[in-house]
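Scroll down for the structure; my scribbles are underneath it.
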Amino acid sequence: MTNATRMHWPNTHFLQSVADSSQFPDIDLPQIAVAGHSNVGKSSLMNALFGRKGLVKTSKSPGCTRLLNLFEVDARLLVVDLPGYGYARAPKKEQQRWINMIEGYLAHADLKLVLMLLDIRHGPKDSDLQLIEWLNEGGIRWLPVATKADKLSGNQRTKRLKEMTDAMGGMLSPLPTSSFKGSGIEKLRATIELETLQPH
Ligand SMILES: Nc1nc2c(ncn2[C@@H]2O[C@H](COP(=O)(O)OP(=O)(O)OP(=O)(O)O)[C@@H](O)[C@H]2O)c(=O)[nH]1
Ligand SMILES: [Mg+2]
């Protein structure tokens with residue numbers, strides 16, 4: 001079995017949480033980040049990718065992830081779970097701290113790829129489009145991922161995916177995933193392997 005068809009990433013472990021990029025450990029591994037609105041399903045998607053329920057903390061209430069949480073996969077890939085942005089009910093000061101932390105990290109990290117998560121029912125919002133523009137300007141590769149695909153029927157899903165693609169400029173079509181049902185996860189894992197672990 002090649003890396004690209006591996007079923008799970010069984011040797012994944014939590015490395016550490018950091019409050020900003022200055023605390024980032026000096027690790028020489030390809031790195032990807034999981035970004036998106038608060039509550040979009042970032043941490044759940046990581047558990048699905050890792051094939052390990054509960055390794056990454058998730059919650060029904062938005063604002064669950066408050067630090068940059070680093071995970072190491074098979075000693076060959078670093079995956080960073082980011083706090084969600086756009087959580088309107090968090091105190092303004094706290095919101096600003098999260099935004100500074102996310103942008104500071106994205107600006108300084110040597111990222112191979114950012115997974116840009118969008119709720120299949122709602123995204124992209126203005127804040128998502130802003131981040132996408134910012135990634136484009138910085139020449140950072142990103143991949144749109146539609147989360148919670150289990151919430152829609154097949155027809156609605158196709159329609160929403162087309163609308164989302166158009167709203168993001170028509171270049172990249174989001175990969176539909178469901179962390180609950182496991183759909184799209186294998187394909188996403190294979191895409192990450194191709195983008196990060198094999199020489200271009
Ligand atoms: N139906 C459905 N619900 C999901 C899915 N993925 C996540 N959820 C739910 O969405 C909520 C938020 O999930 P998280 O993974 O904690 O979201 P997050 O983006 O990490 O949230 P923050 O850390 O607060 O930014 C939880 O109630 C999850 O159970 C999915 O694939 N399908
Ligand atoms: Mg989270």
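Just so you know, ligand 1 is whichever comes first in the structure, and atom 1 is the first atom listed for that ligand. Residues take their numbers from the sequence shown, with the count starting at 1.
Residue Lys151 touches ligand 1 through its side chain alone, judged by heavy-atom distances below 4.0 Å. Counting heavy atoms closer than 4.0 Å to ligand 1, residue Ser179 contributes atoms from both its backbone and its side chain. At a 4.0 Å heavy-atom cut-off, ligand 1 touches Asp150 through the side chain alone.
Inclusion of Pro83 in the set of residues having an N or O under 3.5 Å from an N or O of ligand 1 is not warranted. Checked by distance only, ligand 1 and Ser59 come closer than 3.5 Å through their nitrogen or oxygen atoms. Below 3.5 Å of separation, one finds an N or O of Ser43 facing an N or O of ligand 1. Any N or O atom pair closer than 3.5 Å counts here, and Lys148 shares at least one such pair with ligand 1. In terms of N/O distances under 3.5 Å, ligand 1 is approached by Val40.
For the residue pair Ser43/Asp81, the side-chain donor-acceptor check at 3.5 Å is satisfied. Side-chain contact, Glu193 with Trp9: a donor N or O sits under 3.5 Å from an acceptor N or O. In summary, the side chains of Gln156 and Ser153 do present a donor paired with an acceptor at a separation below 3.5 Å, with no hydrogens or angles considered.
When only non-hydrogen protein atoms are considered, atom 22 (P) of ligand 1 lies nearest to Asn39 N, 3.7 Å. The nearest protein atom to atom 25 (O) of ligand 1, hydrogens excluded, is given as Lys42 NZ, 2.8 Å; this is a heavy-atom distance. Of all protein heavy atoms, the one closest to atom 29 (O) of ligand 1 is Phe180 CZ, 3.2 Å. Regarding atom 23 (O) of ligand 1, its nearest protein heavy-atom neighbour is Thr65 OG1, 2.8 Å.
For atom 13 (O) of ligand 1, the nearest non-hydrogen atom from the set Ser44, Gly182, Ser61 belongs to Ser44.
To the nearest 0.5 Å, the span separating OG on Ser17 from CD on Gln23 amounts to 9.5 Å. Distance check, rounded to the nearest 0.5 Å: OG of Ser59 to NZ of Lys57 gives 7.0 Å. Of the inter-residue distances, the one linking Leu77 atom CG with Leu29 atom CG reads 7.5 Å to the nearest 0.5 angstrom. We find the CG-OG distance between Asp150 and Ser183 to be 7.0 Å, quoted to the nearest 0.5 Å.
Taking every heavy atom of Gly84 and a limit of under 4.0 angstrom, the matching atoms of ligand 1 come to 25 (O). Listed by atom number, the atoms of ligand 1 under 4.0 Å from Ser38 heavy atoms are 24 (O), 25 (O). Counting the atoms of ligand 1 from 1 in the order shown, those under 4.0 Å from a heavy atom of Lys60 are 27 (O).
For the pair Leu45/Asn47, no side-chain contact is recorded, criterion being any heavy-atom separation below 4.5 Å from C-beta on. By the 4.5 Å heavy-atom criterion applied to side chains, His13 and Leu15 are counted as neighbours.
The shell of residues lying under 4.0 angstrom from ligand 1, judged by heavy atoms, excludes Thr147. Residue contact annotation: Ser178 has a non-hydrogen atom under 4.0 Å from ligand 1.
For the pair Thr158 (side chain) and Gly154 (backbone), a donor-acceptor distance under 3.5 Å is present.
In summary, Ser43 places an N/O/S atom under 2.8 Å from the Mg ion (ligand 2), meeting the contact criterion.
Using a 4.0 Å cut-off between charged side-chain N and carboxylate O, Glu195 and Arg141 make a salt bridge.
Between Phe50 and Phe71, the ring planes are tilted. Angles from 30° to 60° get that label.
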